[in-house]
Amino acid sequence: MSSLGQRLALLLAGGVLALFLAAPMFALLVTTTAADFWNGLASPLVWPALRLSLITTATSLVLTVLLGTPLAWLLARSSTRLGAAVETVIQLPMVVPPAVAGVALLFTFGRRGVLAGWLYPTGSSVGFTTLAVVLAELLVSAPFFVQAATSAFRQVDRRLLVVAQTMGASPLRVLARIAAPLAMPGLVAGAVMTWARSLGEFGATLMFAGNMQGRTQTLPLAIYTALESNLATAQSLSIVLVGVAFALLLTTRALVHGQATARESPS
Amino acid sequence: MIRAGSLRARLSARVGKLELELELDTGPGTLVIVGPNGAGKTTLLSLLLGVLPVDHGQIAVGDVVLLDSERRLSVPIEQRQLGYVPQDYGLFPHLTVAGNIAFALSCARPRLRPAERKRKLDAVLDELALRSHAGSHPRTLSGGEKQRVALARVICLEPRALLLDEPMAALDVHSRRDVVGSLVGSLASLALPALVVTHDPYEAQVLGHRIAVLEAGRISQCGTWNELVTRPASPFVERFVASLGTAPRSSVHFRSST
């Protein structure tokens, strides 16, 4: 094949995929009008789902940052095999299908789960409650934060931590005043990814928490429900989520870019 | 047998492929550690600081024991009170000059009243001529200024001894001489036992009351510059002292093959 032909072939192959990836996002937008968009959002499905999504994702995000930051810090500083093993195991929820994560949660926290006898002596269970939504979001999204935070902490110059220690700084002080500020762009990028993931959580929530309006029906589940009755609502909600996702993506990219340039400039 | 107020260590440790086995005593002044790359100079500092574990040995400053493997005593790194300045000075890039110094102050003296803390901060800023840089971030400073910030931080800690790793390595050739001069002044006025790691014979000669030569984890010779010149104990020492005579002083940058 001629050199021109080869270049055209590469362009064709790459272009097909790029078009395929971009087209659905545009299709969502071009097949609606402003009036239809607002009408779609007027559905009674929208408000409770939006409210529930905001509350549950905010809760799971706070839990992720509060518990995930110490975990990431320990993993970043650990050089033991145990640390490496823990790091691998806790990445698993990122890779398993969300539906599997939901079933696994049922077998852990459900009415017949392994912890049931200990957690629910009276017989009721966390399954199919708002708390179950939070747990599902936490399980599938927290690993994103832990992974990003661990790698951000690893990039902090170890000598700075040693210097702070020789000054007498306690471990918590080293983390809060030196390591966390220096890792901040990575921590925020991880939190943004985590929030995006939990906002989109569908499979694990459906399995473990169900689809009950006002209690467990988050935005993605509301889209699923709307798809059967009111296509315009499904489309409007989808556009809202694409918009949010796009904003989050731009934020993450700006943060990662900012961190890269900060590292290149002389300190 | 041991003078009060000196940093003394007798230790053996295995770090990766390197085996260190040595004894040193800074005396009341500055002991310079020289040696080829990979001889264990920076590793030695990590062992003294408590960053890396020592297999056997003792470390003490004056009558304060920091490590005694026989008594299973090892003071944690946060409580050794050793003033450490790493290569490139280790300034916290997210804090201003004043913020860097204030961090050290708040670590060393957590119960200081705010007014008293401010007074100490101002005093040390003036002492090291850093007042006009108080609000600057480290990346905007010259090498010599960074070194002064690092010293200011260390002074606030009121340390038992100083450990400086390659204090001139981050400086350009032209400013090196001035900075060495001001460092000699600072070390003299602090009057603390100090250990300075360098690979530069000029710095060794100017800074060190005595010089210890570390080769492959062991000290092959320890003495004054003149003793090293007149009775070099190894081919490395011979080349090391000779390189000062042959190169222009301010640009000596000694690297040796092991």
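Remember, it's a predicted structure, so these values are computed and weren't measured experimentally. No hydrogens, no waters, no symmetry mates; every other heavy atom, side chains included, goes into these values.
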Only pairs at least two apart or in different chains count here, so list each side-chain hydrogen bond (donor to acceptor under 3.5 Å, both in side chains) that has a residue in residues 81-91 of chain A.
-> A:Glu87-A:Arg154
How far apart are the closest heavy atoms of B:Val61 and B:Arg8, and which atoms are they?
-> C-NH1, 4.3 Å
Locate the shortest heavy-atom distance separating B:Arg14 from B:Gly16; write the atom from each residue and the value.
-> NE-O, 3.9 Å
Using a strict 4.0 Å threshold on nitrogen-to-oxygen distance, state whether B:Lys120 and B:Glu116 make a salt bridge.
-> no
Could you list which of residues 74-92 of chain B have a heavy atom closer than 4.5 Å to any heavy atom of chain A, in residue-number order?
-> B:Ile77, B:Glu78, B:Leu82, B:Tyr84, B:Pro86, B:Gln87, B:Asp88, B:Gly90, B:Leu91, B:Phe92
Between the side chain of A:Thr56 and the main-chain N/O of A:Val133, is any donor-acceptor distance below 3.5 Å?
-> no
Once the angle between the rings of A:Trp73 and A:Phe153 is folded into 0 to 90°, is it parallel (under 30°), tilted (30 to 60°) or perpendicular (over 60°)?
-> perpendicular
Out of curiosity, A:Leu237 CG to A:Leu221 CG, how far, rounded to the nearest 0.5 Å?
-> 11.5 Å
Interatomic distance, B:Arg139 atom CZ to B:His94 atom NE2 [nearest 0.5 angstrom] = 12.0 Å
Residues in residues 147-168 of chain B near chain A [non-hydrogen atoms, under 4.5 Å] = B:Arg153, B:Leu157
Drop me the distance from A:Asp157's CG to A:Leu182's CG, to the nearest 0.5 angstrom.
-> 9.0 Å
Among residues 102-113 of chain B, which residues come closer than 4.5 Å to chain A, judged by heavy atom distances?
-> B:Phe103, B:Ala104, B:Ser106, B:Cys107, B:Ala108
Euclidean distance, A:Leu219 CG relative to A:Thr205 OG1, rounded to 0.5 Å = 11.5 Å
Interatomic distance, CZ@A:Arg197 vs CG@A:Leu248, rounded to 0.5 Å, equals 13.5 Å
CD1-OG distance between A:Ile223 and A:Ser236, expressed to the nearest 0.5 angstrom = 10.0 Å
For the student: nearest non-hydrogen atoms of A:Ser53 and A:Thr57, plus distance | O-OG1, 2.6 Å
